[in-house]
Structures are given as structure tokens and as C-alpha cells.
Enquirer: 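Dumping the structure here so I can ask a few things about it.
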Amino acid sequence: MYTKNTIMKLVEEEDVEFIRLQFTDIFGMMKNMAVTSGQLQNAIEHGCLFDGAAVDGLARPEESDMYLKPDLDTMAVFPWRPQQGKVARLICDVMKPDGRPSEGDSRYILKKVIREAKDLGYTFNVGPECEFFLFHTDNDGLPTRVTHEQAGYFDLSPLDLGENARRDIILNLEEMGFEIESSHHEIAPAQHEIDFKYGDALKTADNIMTFKLAVKSIAKQHGLHATFMPKPKSGWNGSGMHTHMSLSKNGINIFEDSEDENGLSREAYYFIAGIMKHIRGMSLILNPVVNSYKRLIPGYDAPVYISWSRINRTPLIRIPAAKGHGTRIELRSPDPACNPYLALALCLAAGLDGISNQLVCPPPVNRNQYQMTEKEVESLGIERLPGNLHEAVREFQKDEFVQSVLGKHISEQYIELKLKEWRQYEAEVTDWEIQKYLYKI
């Protein structure tokens with residue numbers, strides 16, 4: 001637990017010159033304001049004033065004055081930055097001038113839902129699987145989609161040409177306090193995964209944002225561009241952020257029941273039912289960009305149908321084989337373009353809705369759902385995830401519960417700006433259309 005005094009001492013001892021005051025906008029993009037070490041004490045005691053209306057979705061022009069309030073426990077030094085005049089960071093909450101949290105602060109939304117769970121005696125534990133691609137840059141240092149490697153799942157050097165960059169990323173993350181559990185080359189060429197230890201929801205969301213910054217920063221030092229774009233190349237597997245979740249009470253995992261055939265408790269079944277009830281409305285947040293829905297198609301290790309299973313990886317929700325304290329559910333639809341604060345807030349809120357209302361969990365679907373016909377899907381009463389961003393917006397608009405979790409401000413901003421994004425996409429003439437029609441018509 002850091003205090004103002006311990007942070008000031010750390011800054012002096014470590015020769016920290018610049019401190020980034022970081023926050024995340026509603027669309028999951030990290031922002032920051034930098035202060036020098038000489039201004040740090042003032043920033044900690046009084047916050048830093050900034051124009052909230054200049055950040056998409058954060059504030060309206062008539063109420064643009066906002067403050068960044070540092071969370072002292074998030075103090076960390078960036079090991080990949082210069083060792084003289086070091087750079088550190090503090091993750092901040094966004095506050096109004098009167099000291100109240102901003103309705104546009106996604107970190108506040110997650111903290112609010114965590115408090116509701118705590119009032120019921122629950123702690124929400126989350127472990128993400130973060131996938132990304134490493135591509136070459138051009139002569140100007142700009143990103144491309146070019147890679148020289150043809151490595152696949154679990155391949156190693158010399159096939160895996162990104163191994164050195166991935167190792168360097170891990171070493172830097174460990175220096176920042178991450179506990180890295182595993183890493184490997186993923187299915188597609190140039191695709192990688194690094195898994196860090198699960199933790200409480202707020203710490204995990206903070207870690208996801210730090211992870212993405214570290215991956216991009218260190219990849220650049222290796223002359224590579226790291227992208228968390230869900231589907232950068234057609235015909236390849238996309239990048240997901242499979243999210244493992246469990247609830248504990250008094251330190252005991254309440255999802256575990258050794259007497260159940262699936263190893264799951266009643267609360268676990270209720271939690272699954274809550275997510276399945278709201279997943280179509282949640283998809284706008286879990287899969288927030290046009291490109292997200294290019295990943296959610298059959299045959300590419302991504303879910304299409306709203307179902308669950310213990311024995312296969314094609315449904316929306318999978319129950320991993322781990323038992324006892326490791327019992328958990330794995331939600332497979334989120335992708336790394338999402339805002340982790342909003343995504344985890346909705347997952348927790350939807351699961352708690354299932355528990356509080358004792359929602360009935362449908363039976364598992366233990367089949368390869370990519371090979372099921374539309375008639376078979378219909379006969380089982382299985383719904384599909386939204387097929388594109390526009391459909392996701394419409395489902396979000398229908399789900400009043402999901403909107404209530406995020407609040408009126410974020411919900412309205414999301415709808416407005418994502419519909420604008422969809423209209424821009426619809427008006428765009430793509431390379432596919434040129435190749436398909438230009439010479440034929």
C-alpha cells in the first residue's frame with residue numbers, strides 16, 4: 001500500500017523524472033497527462049485539471065472541467081524507459097470539480113459494481129487470456145500486416161520469429177510486478193498469447209491496460225508493431241480475450257461443487273444463466289468495433305452461438321477442467337479491443353443478476369457447433385451472437401439492465417458514437433468490392 005510519502009521517496013530514490021497520470025476513455029483507449037517529479041506532490045494532493053470534453057464520450061462541453069485523481073496503489077516505474085530520468089505512472093480516477101466521480105469514468109463503473117458484489121459478500125476474480133499480433137513496420141516505422149513467419153500453435157524458435165520480443169515483454173512485465181503464468185505462439189502466423197495470474201476485477205482491468213501498453217512499447221523497440229485488432233487478416237484466426245471468472249466468499253470459491261456432474265454450484269449455474277440472458281446486449285461492449293464481428297464467425301476458434309459446454313471450445317461459455325479452488329467459467333466472446341473496466345463490470349453485474357433472480361441455466365450443448373446446421377440450431381432453441389456492430393447497438397438499446405449498469409451518460413455516448421462508426425463503415429468502398437466488381441461490371 002503506497003502513501004504520498006512512500007511514493008515521493010520512491011521517486012527520489014529511483015531517479016524518476018516524469019510521472020504519467022493515466023486514465024481510460026469509454027472506448028478502452030489509454031490517455032495520460034505527464035507531470036514532472038516536482039509537480040507530483042501537488043497532483044497527488046489536489047489532482048490535475050484537464051478538459052474532459054476533449055476526450056470522446058467523457059464529458060459534455062458545458063461541464064468539461066475534470067480532475068485526475070491518482071490511485072496511489074497503482075504506482076509503477078516503466079522498466080523499458082530510460083534508466084536516467086525514469087518514467088513512472090499512476091492510474092487515475094476521473095472526478096468532477098465538486099469531488100464526485102465522473103459518470104464517464106469507466107473505472108468508476110467497475111468500482112461501483114464491485115461494491116455491489118462486496119455488499120453481497122462476493123469477491124470477483126478474473127483471469128484474461130490476451131492475444132495479439134506482431135507485424136513488421138515499414139521504412140517510416142509505420143505498421144504493416146506483413147510477417148515473415150509461418151509459425152502456428154505452440155511452435156517455437158526458429159519458426160516463432162517473435163519469441164525474443166515476447167520474452168522481453170514478459171521480463172519487463174515481471175519487473176512491474178506481474179506474475180506471468182505462461183506464454184506461447186498462437187494459431188495464426190505472428191499471433192501470440194501471454195497469460196498473467198488472475199486477480200480481483202479492478203486490479204485485473206488495470207493490468208490489462210498496462211499489459212497492452214507494455215506489449216506495444218516493447219514491440220516497437222524490436223522494430224515490430226503489436227496490434228490488439230480482433231481480426232487483422234481474413235482467413236486467419238482473430239485475437240480474443242477469453243475471460244475466466246469466479247466468485248469467492250470468505251476466501252472460498254463458491255462456483256465449486258464436487259457433487260455436481262459438471263463440478264459447478266447452483267451459484268455458478270445462475271451466473272452462467274445471467275451472462276447468457278444479457279450477452280446480446282453486452283456484445284457492444286465486449287466486441288466494440290466493426291472488425292470485432294469479422295472474428296465471430298464459425299471455424300476460427302471464436303463463438304457464434306449463445307450456449308455453454310464443459311467438453312468443447314465452440315460455445316460462448318466453456319467450463320475448464322480445473323476443479324476445486326480453480327473452478328471457473330470461461331467467457332470466449334470478448335476481444336482485446338474492449339474497455340476492460342466496462343467489460344468486467346457487465347460480466348459481474350449480469351452474473352449477479354442471474355444469482356439474485358435464480359435464473360435457470362439451459363442444458364449444455366456438447367457438440368461442435370461450427371458443424372451444426374441452422375435447422376439443428378433452431379431445434380435446440382439456441383440464439384446467435386450479434387452478427388455486426390449495427391446489430392450489437394440495437395441489442396444494447398433493447399437491454400435496459402445493461403444500460404443501467406453503465407449509466408445514462410456512457411450508454412448514450414456509446415450508442416451515438418458507435419452508430420456513427422457503423423455509418424462510416426457502410427459508406428466505405430472496400431478493397432474486396434473493388435476486386436469483386438470493378439473488372440466485371
Side-chain angles (χ1 to χ4, degrees), residues 1-11 16 18-76 88-120 123-124 200-210 285 339-346 348-349 403-414:
M1 299 292 290
Y2 282 107
T3 65
K4 179 184 70 174
N5 290 336
T6 57
I7 286 177
M8 298 305 297
K9 184 178 180 181
L10 174 68
V11 165
V16 174
F18 294 97
I19 300 90
R20 293 183 179 181
L21 305 180
Q22 296 178 341
F23 67 102
T24 301
D25 72 13
I26 67 171
F27 300 114
M29 299 302 296
M30 181 179 285
K31 306 289 184 180
N32 86 177
M33 175 188 296
V35 297
T36 64
S37 58
Q39 294 298 315
L40 178 58
Q41 182 169 334
N42 183 65
I44 291 174
E45 293 176 352
H46 305 293
C48 277
L49 181 67
F50 74 106
D51 180 5
V55 179
D56 279 348
L58 186 60
R60 291 179 287 268
E62 63 270 22
E63 50 186 26
S64 61
D65 282 350
M66 295 285 170
Y67 281 88
L68 295 178
K69 180 183 177 183
D71 181 339
L72 303 188
D73 287 336
T74 65
M75 179 69 178
R89 73 93 200 273
L90 284 163
I91 295 174
C92 298
D93 296 308
V94 182
M95 313 297 290
K96 295 180 177 181
D98 62 6
R100 290 180 299 147
S102 165
E103 295 89 346
D105 181 11
S106 53
R107 196 169 189 260
Y108 160 71
I109 300 299
L110 176 56
K111 291 169 76 172
K112 181 178 65 172
V113 181
I114 289 172
R115 281 197 301 270
E116 294 169 1
K118 186 177 181 181
D119 289 343
L120 297 171
T123 299
F124 185 43
D200 68 82
L202 184 63
K203 181 179 179 180
T204 297
D206 287 342
N207 281 345
I208 291 170
M209 295 304 300
T210 300
I285 306 300
N339 179 328
Y341 299 103
L342 298 183
L344 297 187
L346 286 179
L348 175 54
Q403 293 184 59
S404 71
V405 174
L406 302 185
K408 185 172 184 288
H409 175 85
I410 288 181
S411 296
E412 289 179 349
Q413 291 294 312
Y414 241 92

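The basis for the numbers below is simple: all heavy atoms, side chains too, and nothing from hydrogens, waters or symmetry mates.
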Enquirer: To the closest 0.5 Å, what do you measure between OG1 (Thr3) and CG (Leu72)?
Expert: 7.5 Å

Enquirer: With a 4.5 Å cut-off on side-chain heavy atoms, are Ser102 and Met66 touching?
Expert: yes

Enquirer: Does any N or O in the side chain of Asp71 come within less than 3.5 Å of the main-chain N or O of Ile91, such that one atom is a donor and the other an acceptor?
Expert: no

Enquirer: Show every salt bridge (Lys or Arg N to Asp or Glu O under 4.0 Å) that has at least one partner inside residues 35-50, sequence neighbours left out.
Expert: Lys4-Glu45

Enquirer: Is the backbone of Tyr2 close enough, under 3.5 Å, to the side chain of Thr6 for a donor and an acceptor to pair up by distance?
Expert: no

Enquirer: Rounded to the nearest 0.5 Å, what separation is found between the CE atom of Met209 and the CE atom of Met30?
Expert: 4.5 Å

Enquirer: With sequence neighbours left out, write down each residue that passes side chain to side chain donor-acceptor pair (under 3.5 Å) with Asn339, or none if nothing qualifies.
Expert: Ser106

Enquirer: Short question: side chain of Ser411, backbone of Lys408 - any donor-acceptor pair under 3.5 Å?
Expert: no

Enquirer: Would you say Leu202 and Asp206 make side-chain contact, with heavy atoms under 4.5 Å?
Expert: yes

Enquirer: Who pairs with Asp98 by side-chain contact (heavy atoms from CB on, under 4.5 Å), at least two apart in sequence or on another chain?
Expert: Lys96, Arg100

Enquirer: Go through the steps for Met1 and Asp73 under the test side chain to side chain contact (heavy atoms under 4.5 Å, CB included), then give the verdict.
Expert: CA-CA 6 Å; Met1 299 292 290; Asp73 287 336; 3.3 Å; yes

Enquirer: Does Ala205 have any side-chain contact (heavy atoms from CB on, under 4.5 Å) partners at least two apart in sequence or in another chain, and if so, which?
Expert: Leu110, Pro340, Tyr341, Leu344

Enquirer: Can you confirm whether Leu68 sits close enough to Leu21 that some side-chain heavy atom of one is under 4.5 Å from a side-chain heavy atom of the other?
Expert: yes

Enquirer: Sequence neighbours excluded, which residues qualify as side-chain contact (heavy atoms from CB on, under 4.5 Å) partners of Thr123?
Expert: Asn125, Ser248

Enquirer: Suppose we screen for salt bridge (Lys or Arg N to Asp or Glu O under 4.0 Å). Which residues come up paired with Asp93, at least two apart in sequence or across chains?
Expert: Arg107, Lys111

Enquirer: Quick check for you: to the nearest 0.5 Å, what is the distance between Gln403 atom CD and Glu412 atom CD?
Expert: 8.5 Å

Enquirer: Which residues satisfy the side chain to side chain donor-acceptor pair (under 3.5 Å) test with Thr36, sequence neighbours excluded?
Expert: none

Enquirer: Determine the minimum heavy-atom distance between Asp25 and Asp56, stating which atoms define it.
Expert: CB-O, 4.3 Å

Enquirer: Quick one: are Met75 and Val11 in side-chain contact, heavy atoms under 4.5 Å?
Expert: yes

Enquirer: Apply side chain to side chain contact (heavy atoms under 4.5 Å, CB included) to the pair Met33 and Cys48, showing each step before the final yes or no.
Expert: CA-CA 8 Å; Met33 175 188 296; Cys48 277; 3.7 Å; yes

Enquirer: If you count heavy atoms of other groups shown closer than 6.0 angstrom to CE of Met8, is the number above 12?
Expert: yes

Enquirer: Would you mind reporting whether Leu10 and Val16 have side-chain heavy atoms less than 4.5 Å apart?
Expert: no

Enquirer: Within a strict 4.5 Å, meaning less than it, do heavy atoms of the Leu90 and Leu40 side chains meet?
Expert: yes

Enquirer: With Thr210, which residues qualify under side chain to side chain donor-acceptor pair (under 3.5 Å), at least two apart?
Expert: Arg89

Enquirer: Could you report the tightest heavy-atom contact between Val405 and Ala349, atom names first, then the distance?
Expert: CG2-CB, 3.6 Å

Enquirer: Once side chain to side chain donor-acceptor pair (under 3.5 Å) is applied, do any residues pair with Ser404, and if so which ones, sequence neighbours excluded?
Expert: none

Enquirer: Go through the structure and list residues passing side-chain contact (heavy atoms from CB on, under 4.5 Å) with Tyr108, not counting sequence neighbours.
Expert: Pro101, Asp105, Lys112, Arg115

Enquirer: Of all residues at least two apart in sequence or in a different chain, which pass the salt bridge (Lys or Arg N to Asp or Glu O under 4.0 Å) check with Glu116?
Expert: none

Enquirer: Considering non-hydrogen atoms only, spot the tightest contact between Pro97 and Asp65 and give its length.
Expert: CD-O, 3.2 Å

Enquirer: Determine, stepwise, if the pair Ile410 / Leu342 fulfils side chain to side chain contact (heavy atoms under 4.5 Å, CB included).
Expert: CA-CA 10 Å; Ile410 288 181; Leu342 298 183; 4.2 Å; yes

Enquirer: Give the minimum heavy-atom separation between Gly104 and Leu58, together with the two atoms involved.
Expert: O-CD1, 3.3 Å

Enquirer: Not counting sequence neighbours, list each pair that qualifies as a ring-ring contact (aromatic ring centres under 6.0 Å, His included) and has a residue in residues 31-56.
Expert: Phe23-Phe50

